[in-house]
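Some notes on the structure that comes next.
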Amino acid sequence: MKQLNDVVLLILLLISLSQITIFRAKSISQVVRQNAIAESSPSLKKLVSQRQTGCRGRPWICRQGYYPPTVRKLCCRNRCIDVFSDVSNCGFCGSRCRFGRQCCRGQCVNLNISRFNCGKCFNRCPLLSRCVYGMCGYGQPGPRPRPPKPPRPCPPTEDRPAK
């Protein structure tokens, strides 16, 4: 029984020490970060403060990784934006699609009625089928049944002579 109490006490002690260590580690990392900025050299501070972030003034970084370079991404408000699918920048920066429309290949389209973008971009409806509520052929009657084939004439038998 005494051993069990010792084990429980040891476990509780380890748990409390681990929480103190985690709390102390967080506060130490904050102090280190503040001291590194405060005690760095003036030339390093100047370089860090002059470094540009984003794509403003450097629009070519939005085209990196694409070969051949495409115009899909543009620098809009200092961010690289895919203008082929972004609703707030459809086709070019600042061109916002109206409510209920989606940007498909740089054009604002209504996915509920567009035959070429029915329900999602580039989902084409079959010929003679309309797009209703984003579904191809919704509420349309199915194809008309073909008329039945005429019956074939019976072959001549001994009972019936051929005509």
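Position 1 is the first residue of the sequence, and the numbers go up from there.
Across all their heavy atoms, Cys93 and Leu74 have their closest contact at SG-CB, 4.2 Å. Taking every heavy atom of both residues into account, Asn117 and Leu111 meet most closely at O-CD2, 3.3 Å. When every heavy atom of Cys75 is checked against every heavy atom of Arg56, the shortest pair comes out as SG-N, 3.7 Å. Between Tyr138 and Val132, the closest heavy-atom pair is CB-O, 3.7 Å. The minimum heavy-atom distance linking Leu128 with Arg115 is given by the pair N-NH2, 4.2 Å.
Between Arg124 atom CZ and Ser129 atom OG the span is 12.5 Å, to the nearest 0.5 Å. The distance from the CZ atom of Phe99 to the CZ atom of Arg96 is 12.0 Å, given to the nearest 0.5 Å.
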**Request:** Show the numbers, then the answer: is there a disulfide (SG to SG under 2.5 Å) between Cys118 and Cys136?
**Result:** CA-CA 7 Å; Cys118 189; Cys136 293; 3.8 Å; no
**Request:** May I have the step-by-step check of disulfide (SG to SG under 2.5 Å) for Cys104 and Cys121, ending in yes or no?
**Result:** CA-CA 6 Å; Cys104 294; Cys121 292; 1.9 Å; yes
**Item:** Test side chain to side chain contact (heavy atoms under 4.5 Å, CB included) applied to Arg105 and Phe122, step by step
**Value:** CA-CA 9 Å; Arg105 197 175 281 171; Phe122 314 118; 3.6 Å; yes
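If you run disulfide bond (SG atoms under 2.5 Å apart) between Cys90 and each of Cys103, Cys108, Cys97, only Cys103 comes through.
For Arg72 and Asp82, the salt-bridge test passes: some basic side-chain N is under 4.0 Å from an acidic carboxylate O.
Proximity of Gln102 to Val87: side-chain heavy atoms (C-beta onward) are separated by under 4.5 Å at one or more points. When side chains are defined from C-beta on, Cys131 does not count as touching Ser114, because their heavy atoms never get closer than 4.5 Å.
In this structure, the side chain of Ser95 does not engage the main chain of Asn89 through any donor-acceptor pair within 3.5 Å.
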